[in-house]
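A quick write-up on the structure given underneath.
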Amino acid sequence: MGARTFAVRVGVVSSVGTGLDLCMDAVLAGRTGLRELPGGLPGAGLVAGRVANEPPDDAWGPRELPRTHRLALGAAREAAGGRIPDCVIVGTTSGGIDRTEENLRDGVQDPRAYAFHGAHTVATRIADELGVVGPTFSVATACSSGAIAIAIALGLLRSGRVHTALAGGADALSRLTLHGFRLLQLVDPEGTRPLDRHRAGMSLGEAAAFLFLVAADAPPPGALAEVCGVGMSCDAYHATKPLPGGEQAANAIRRALADAGIGTERVGYINLHGTGTPDNDVAEARAIQAVFPGAVPVSSTKGATGHTLAAAGALEAALSIGALLRGQVLPSVRLREIDPSLGLEPCRQARPAALEFVLSNSFGFGGNNAALVVGRAEAGREWDAGRPRRRFSVLGTACASPAGDTESTLAALTAGPIGTGTIPDSVASGRLDPRVRRRLKRLTSLVLSLAEEVRTSATTSACSVAFGTAWGSLEDTHTFLAELFATNEKLASPTAFIGSVHNAPAAQAALGLGATGPNLTTPSGRTSFEAALLAATVTVDDADLPLLLVGADEHHPVLSPLLGAGAEPREGAAALLLGPAERGRTTLGPLIHRRRDREGRWIEALRELLPRGPEADRVVAVLVDGARPRELADLAAAFPEAQVGARSSPGGTAVDTVLVARAFAAGVLPAGVAGAEPVALEGRSVLLVTVDDWVAAVEVARDVG
Amino acid sequence: MQKVTDTDGLETLMADLRQKIVATVGLAGLSGDDLPADGPLFGPTTGLDSIDVLELVVMVEKEYGVTIKGKEVGEQAFETLRSLATFIQTKRAEG
């Protein structure tokens with residue numbers, strides 16, 4: 001363990017080259033990977049950066065894998081270089097959408113064909129390949145995903161929970177994104193020209209990029225660079241447009257510099273988000289002018305690579321490391337005539353510079369902003385690691401299920417298992433203003449409704465949002481693709497595309513609450529809620545609390561059965577408002593996020609996180625979802641003082657956390673939740689464990705050490 | 001003659017557009033009567049915003065087979081209901 005974080009290897013797959021060296025050669029020479037997509041491919045005729053140099057063998061994994069997974073495996077293997085990281089955090093918006101598109105078009109009904117649809121499977125596939133056992137999940141915050149994946153890895157490393165991490169992002173081109181951005185009229189038909197006076201939009205690209213990160217007190221042998229600081233914020237302004245003055249983007253940059261412990265004068269180059277849309281480039285320019293008193297060399301590398309969406313933040317972090325290593329400021333490829341109204345000084349050609357620190361910006365839909373500072377491994381700076389957070393206080397709770405609203409759900413849960421069904425519309429969206437609701441489909445409405453309920457009950461509003469969802473808005477995704485295929489891949493609702501982005505519900509919640517702090521969305525299958533809690537625990541500063549933590553997924557009549565959920569709906573969702581941990585309040589904290597292994601080592605790992613000695617009996621109940629009988633028996637042996645019981649609430653751990661948190665407030669776990677008798681809770685804790693391919697555990701407690 | 005004749009079909013097209021716009025945007029309380037021929041189509045009076053423009057571009061292409069390319073073209077075409085109807089008619093005449 002160490003106080004600093006170093007990148008020791010980098011892996012890149014992009015339209016301008018595979019491997020950081022080839023990619024850097026291309027960018028420095030001003031080459032572009034943007035081409036008109038040929039006939040026969042989705043989005044034919046659009047200009048985009050497609051990866052053309054696929055290896056002939058299975059170096060990027062078997063061909064039956066979706067394209068994002070293959071690009072990701074290619075870059076991840078290169079970045080790992082044979083080492084096994086402690087965790088894998090992957091920014092991705094697409095998951096296996098390219099396969100799902102073809103399957104839906106062809107009417108494929110076999111759920112096995114959709115096994116890699118989920119965004120989280122990009123992370124778990126890499127973890128399977130490399131043999132990773134620690135935290136493994138995806139981050140889907142649109143175009144800042146790759147940067148936020150690195151931010152979460154940095155948080156995990158600084159907290160001491162892991163010592164090494166593989167973090168980055170991957171997105172392949174897909175119909176959803178190519179046509180979605182086209183229909184939002186954000187695509188330049190001639191190919192993107194960021195920062196140009198005549199710029200007319202973005203070009204998409206595909207890529208994967210990963211950093212192998214190591215925590216250490218001093219640069220380890222072979223260290224390429226230090227990841228010095230991150231800053232996150234949310235515009236809370238609009239679903240797709242950036243805040244025109246760039247105020248929150250500026251805040252993300254300020255936070256990154258403060259986190260790195262450096263002043264603006266030490267930043268030698270800024271790798272811009274620079275998408276080439278008229279609005280983005282203006283807002284970003286305003287943000288930079290607000291933070292930097294003087295001119296700083298800047299460029300956008302998206303003219304070379306295209307906008308690679310969830311990969312962009314990681315790819316540009318890699319290119320920023322390349323800039324440090326080569327001592328070169330990168331050129332703004334495809335820039336012809338600088339837009340003087342931006343007031344920036346973009347570099348047209350590569351030029352040598354003694355760079356100490358580089359800033360890399362990433363801004364996504366929903367105003368989801370992230371900034372990273374990377375520095376030369378030996379560059380000096382003042383930095384205080386602070387004390388890592390372990391848990392939050394619970395300030396407010398809300399949940400929903402087929403039984404109805406919060407009170408009805410909790411009453412039904414204490415009376416016995418809740419049956420199948422969907423959340424009533426009156427609960428999922430009935431309380432929302434019709435003007436707000438009109439563009440929102442089910443999942444986003446549900447998240448907003450819960451957010452409003454928590455705000456009302458806690459009488460305080462969230463500054464940050466963390467959202468655990470396995471699938472994002474299935475209804476939006478399905479609507480968009482169904483319309484697209486019905487019109488021979490020409491037309492579909494742009495609103496549905498906006499809603500299909502996994503972080504749309506979290507972005508809408510931020511908009512509704514005015515939450516301008518970090519905004520995280522973490523697909524992790526059945527452990528998505530737990531992943532969101534873990535990610536927020538290690539990244540959100542106390543100044544950005546309260547945090548709205550939400551776990552929600554919807555049932556979609558077409559897609560849910562194909563994704564293995566069965567035909568019977570079982571909807572549930574919950575939201576909690578969390579503040580700094582305080583004595584006298586119920587607290588919630590993450591314990592493990594770990595591979596499920598036959599030997600039950602995850603049970604040992606869980607046991608080791610909890611105290612022995614005088615506090616050994618603090619765990620009074622272990623409530624487990626999805627475990628086999630033998631695992632339940634092993635848990636009972638590991639926690640002999642505790643009631644170990646199975647649970648199966650709709651909405652999983654999110655809903656059960658609300659149930660248990662309310663029980664702590666009352667001082668007693670009602671009969672029927674863990675055993676036939678009520679359980680006194682004062683000074684005790686309850687563990688909620690979810691067992692799937694990955695196991696996650698959280699602890700709800702009061703007045704524990 | 002006082003009575004407006006619809007020899008060029010513009011009035012009929014505008015009536016048709018009113019219905020389709022209302023159905024597309026799904027704005028509670030908005031009816032065809034709220035969309036006068038020559039008032040601004042977007043903004044505080046109608047409640048329609050920039051995302052509605054994007055939806056209506058798709059609607060116009062789907063329903064009338066007319067493609068609206070580029071932001072400037074879109075802004076002019078969507079200024080009023082009449083300008084949109086005229087745009088569609090012109091494009092259709094061009095074939």
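We name chains A, B, ... by the order of the sequence lines, and we start the count at 1 in each one. All values derive from a computational prediction rather than experimental measurement.
Proximity to chain B involves both the backbone and the side chain of Thr495(A), based on heavy atoms less than 4.5 angstrom apart. Of the two parts of Thr24(B), neither the backbone nor the side chain holds a non-hydrogen atom closer than 4.5 Å to a non-hydrogen atom of chain A. Contacts between Arg437(A) and chain B at a heavy-atom distance below 4.5 Å are absent for every atom of the residue. Looking at Val25(B), the atoms closer than 4.5 Å to chain A (heavy atoms on both sides) sit in the backbone and in the side chain alike. Of the atoms belonging to Ala492(A), it is backbone heavy atoms, and not side-chain ones, that fall under 4.5 Å from chain B. Neither the backbone nor the side chain of Leu56(B) comes within contact range of chain A; no heavy atoms are under 4.5 Å apart.
The main-chain N or O of Arg442(A) is never found under 3.5 Å from a side-chain atom of Glu554(A) such that the two would form a donor-acceptor pair. At distances below 3.5 Å, at least one donor-acceptor pair connects side-chain atoms of Thr192(A) with backbone N or O atoms of Thr275(A). The backbone N or O of Asp49(B) sits less than 3.5 Å from a side-chain atom of Asp52(B), completing a donor-acceptor pair.
For Phe497(A) and Phe181(A), the gap between ring centers is short of 6.0 Å.
Using a 3.5 Å distance cut-off with no hydrogens or angles, the side chains of Asp171(A) and Ser94(A) do pair a donor with an acceptor.
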